[in-house]
Amino acid sequence: METSTSLQGQLEIFFYTGAEAEFEDLTRYKQFGLHPITLGDVLPKPFTCVSDVNKEPRYRIMLKLGFGAFATVWLARDLVEKRYVAVKVGLGSDIPLPDREAEILSQLCKTGPGKHGYQRVIELLDVFIVEGPNGFHQCLVTEVISPLNPHIANFGIALPQLEQFKEDDITDHFANPEVIPVVPRDPTFPLNSVPPYIVQPVTIADFLQSRKAFPAGPVTIKILDFGRAPTAIRPPEVVLHELCDGRIGSTWSEAADIWAVGCTLYHVKSGNELISTWGSLKDYLFRAIQFGGPPPETWPKLWNTPDRQHENSLYDRVKVWEVREANRNSSRTPHDEERSDFLNFIKRMIITNPDERSPTRVLLTDPFMVERRREEESI
């Protein structure tokens, strides 16, 4: 059986590893990497909270909800408020300062209440920073959310129904989780930088569905992640900025938000990514420009590789969208006019040149949005 490069790298350092899709990469437990956590830990541990030296242990870790390149996420019990919460523990750093995600959510907590759309933002309950063997780690405590699916990981469904169940109900459902012992090959390896074992993430929605408590009617969709935007929704100028080491292109902006919203809405409504993330960043940039149309003349043509020099349809935006729709895995429905309005709405956001994207105030007057508001008011 072929072993991936990632697993091979782990096996060179540790005796055991878990499957890539089911367990985090053990080599990420290192300086400025993941923070070692075990089931039953109560965060913050005594004398580890540097953001509030008087903060007492409060959040008891019950289960792992997920992991990614920048954090692990855990289901915990708030021992003070007697409720379930999610605790997202970020990568370590050399300075105990909140990151961009914490700053955004904290600002929204101050200015968002009462404003339209605030109810769609995940509820931030607490923020603190702990010091561990791998650096300073930010901990975000939020309401518990179930991701929509593995592909739209930045959105999920609020699960207030979880509060009707006891801790024993939940732990019994996920009893005897698979455990991978963390055993370094080098006897001098610093054991305090790794957990004694790692466990698989659980899907809390499975528990609620088994108890017939998963929301069946109208649900509350929430934005989950305010960290680094996934490639699938990053606009061309941001990708170019990364490829050129900041010499050209731009960092995130309001115009970048417009592109990201367009990609996200297409994904939610169609069930598929608008622009494939397969291949390199240059491949993605090429496909993004095909959908968005000609780039500014000042941009270096990094995407114009030898095999693409003679692509007659490089900027044939109309054809690219037609092919994308033709490849959708769904038959045409009687609502073709609605679909057409939706696509026209999305195309106003998916424009390569950020200066040419329709601003939010204009998008809100688009026929598609006007009709959606009319439907909401009639309910």
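Atoms considered below: every heavy atom in the structure, side chains included; atoms not considered: hydrogens, waters and symmetry mates. Owing to the predicted nature of the structure, the values given are computational and were not obtained by experimental measurement.
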Checking Gln138 side chain against Asp99 main chain: does a donor-acceptor pair fall under 3.5 Å? yes
As a quick check of understanding, evaluate side-chain contact (heavy atoms from CB on, under 4.5 Å) for His137 and Glu131, giving each step before the final call. CA-CA 6 Å; His137 303 263; Glu131 183 177 12; over 6 Å; no
Please indicate whether Arg361 has more than 12 foreign heavy atoms, meaning atoms of other residues, nucleotides or ligands, lying under 6.0 Å from its CZ. no
Can any side-chain N or O of Arg211 pair as donor or acceptor with the backbone N or O of Phe165 at less than 3.5 Å? no
If only side-chain N and O atoms count, and only distance matters, is there a donor-acceptor pair under 3.5 Å linking Ser276 with Arg324? no
Check the side chains of Thr27 and Asp25 for a donor-acceptor pair under 3.5 angstrom, ignoring hydrogens and angles. yes
Between Leu124 and Thr142, is a side-chain contact (heavy atoms from CB on, under 4.5 Å) present by the stated rule, with each step listed? CA-CA 5 Å; Leu124 179 65; Thr142 68; 4.2 Å; yes
Does Phe70 share a hydrophobic cluster with Leu43, counting links as ILVMFWY side-chain heavy atoms below 4.5 Å and allowing steps through other members? no
Other ILVMFWY residues reachable from Val42 by side-chain steps of under 4.5 Å: Leu79
Taking only Lys NZ, Arg NE, NH1 and NH2, and the carboxylate oxygens of Asp or Glu, determine whether Arg374 and Glu371 approach each other closer than 4.0 Å. yes
Same cluster for Val85 and Val89 if Ile/Leu/Val/Met/Phe/Trp/Tyr side chains link at under 4.5 Å? yes
Side chain to side chain, Ser358 and Lys347, heavy atoms closer than 4.5 Å: no
Heavy-atom pair of closest approach, residues Ala256 and Val238: CB-CG2, 4.3 Å
Val183 reachable from Ile198 in the ILVMFWY side-chain graph, under 4.5 Å edges: yes
Begin from the C-alpha positions of Ile350 and Trp321 and carry the test side-chain contact (heavy atoms from CB on, under 4.5 Å) through to its verdict. CA-CA 11 Å; Ile350 305 302; Trp321 280 92; 4.1 Å; yes
Is it true that atom CD of Gln164 has more than 12 heavy atoms of other residues, nucleotides or ligands lying nearer than 6.0 Å? yes
Tell me the closest heavy-atom pair linking Ile61 and Trp74, and the distance in Å. CG2-CE3, 3.5 Å
Does NZ belonging to Lys30 count more than 12 external heavy atoms closer than 6.0 Å? no
Indicate yes or no for a side-chain donor-acceptor contact from Glu242 to the backbone of Val239 under 3.5 Å, with no hydrogens or angles considered. no
Should Pro235 and Trp252 count as side-chain neighbours, where that means a heavy-atom distance under 4.5 Å? yes
Is any side-chain heavy atom of Arg372 closer than 4.5 Å to one of Glu338? yes
Under a 3.5 Å distance rule, please check whether Glu237 uses its side chain to pair with a backbone N or O of Ser250 as donor and acceptor. no
Phe23 side chain reached by Gln200 side chain, heavy atoms, under 4.5 Å: yes
Passing option when Leu75 is tested against Val87, Leu63, Val202 for side-chain contact (heavy atoms from CB on, under 4.5 Å): Leu63
Single-linkage hydrophobic cluster, 4.5 Å side-chain cutoff, Phe128 and Leu97 together: no
Using a cut-off of 6.0 Å, state whether more than 12 heavy atoms not belonging to Tyr16 lie near its atom OH. no
Enter the distance from Leu265:CG to His267:NE2 here, rounded to the nearest 0.5 Å. 11.5 Å
In this structure, CD1 of Ile170 is separated from CG of Leu162 (nearest 0.5 Å) by 4.0 Å
By the rule that ILVMFWY residues connect when side-chain heavy atoms come within less than 4.5 angstrom, directly or transitively, which residues belong alongside Ile129? Val50, Phe136
Grab the two heavy atoms, one from Val73 and one from Ala86, that are nearest each other, plus how far apart they are. CG1-CB, 4.4 Å
Could you give the distance from CG (Leu274) to CZ (Phe291), rounded to the nearest 0.5 Å? 5.0 Å
Using a 4.5 Å cut-off on heavy atoms from C-beta on, say whether the side chain of Ser51 contacts that of Pro96. no
CD-CG distance between Gln31 and Leu91, expressed to the nearest 0.5 angstrom: 12.5 Å
With a 3.5 Å distance limit and no angle check, can you tell me whether Arg357 reaches the backbone of Ile351 through a side-chain donor-acceptor pair? yes
Closest non-hydrogen atom pair between Cys244 and Leu302, with its separation: SG-CD1, 3.7 Å
With side chains defined as the heavy atoms from C-beta onward, is the minimum distance between Asn134 and His35 less than 4.5 Å? no
Distance from Phe342 atom CZ to Met369 atom CE, nearest 0.5 Å? 11.0 Å
Do Ser340 and Phe368 have side chains that approach each other closer than 4.5 Å (heavy atoms only, starting at C-beta)? no
Hey, is the main chain of Pro296 close enough, under 3.5 Å, to the side chain of Asn353 for a donor-acceptor pair? no
Polar side-chain atom of Lys64 near backbone of Thr38 as donor-acceptor pair, under 3.5 Å: no
Check whether any side-chain N or O of Arg185 sits under 3.5 Å from a backbone N or O of Ile13 as a donor-acceptor pair, and report yes or no. no
Asp366 side chain to Leu363 backbone, donor-acceptor under 3.5 Å: no
Between Tyr84 and Glu167, is any pair of side-chain heavy atoms under 4.5 Å apart? yes
Tell me whether Leu125 is reachable from Val121 by hopping between hydrophobic residues (I, L, V, M, F, W, Y) whose side-chain heavy atoms are closer than 4.5 Å. no
Interatomic distance, NZ@Lys301 vs CZ@Phe286, rounded to 0.5 Å, equals 13.5 Å
At their closest point, which heavy atom of Ser193 faces which heavy atom of Tyr29, and how far apart are they? O-CB, 3.4 Å
Would Phe67 and Arg28 satisfy side-chain contact (heavy atoms from CB on, under 4.5 Å), going step by step from the backbone distance to the final call? CA-CA 11 Å; Phe67 62 88; Arg28 296 187 67 79; over 6 Å; no
Give the minimum heavy-atom separation between Ile233 and Trp259, together with the two atoms involved. O-CD1, 3.4 Å
Just to verify, which of Val144, Leu105, Leu108 counts as forming a side-chain contact (heavy atoms from CB on, under 4.5 Å) with Ile122? Leu105
Ring centre gap for Phe189 and Phe14 strictly below 6.0 Å: yes
Is a side-chain N or O of Ser106 found less than 3.5 angstrom from the main chain of Glu103, in a donor-acceptor match? no
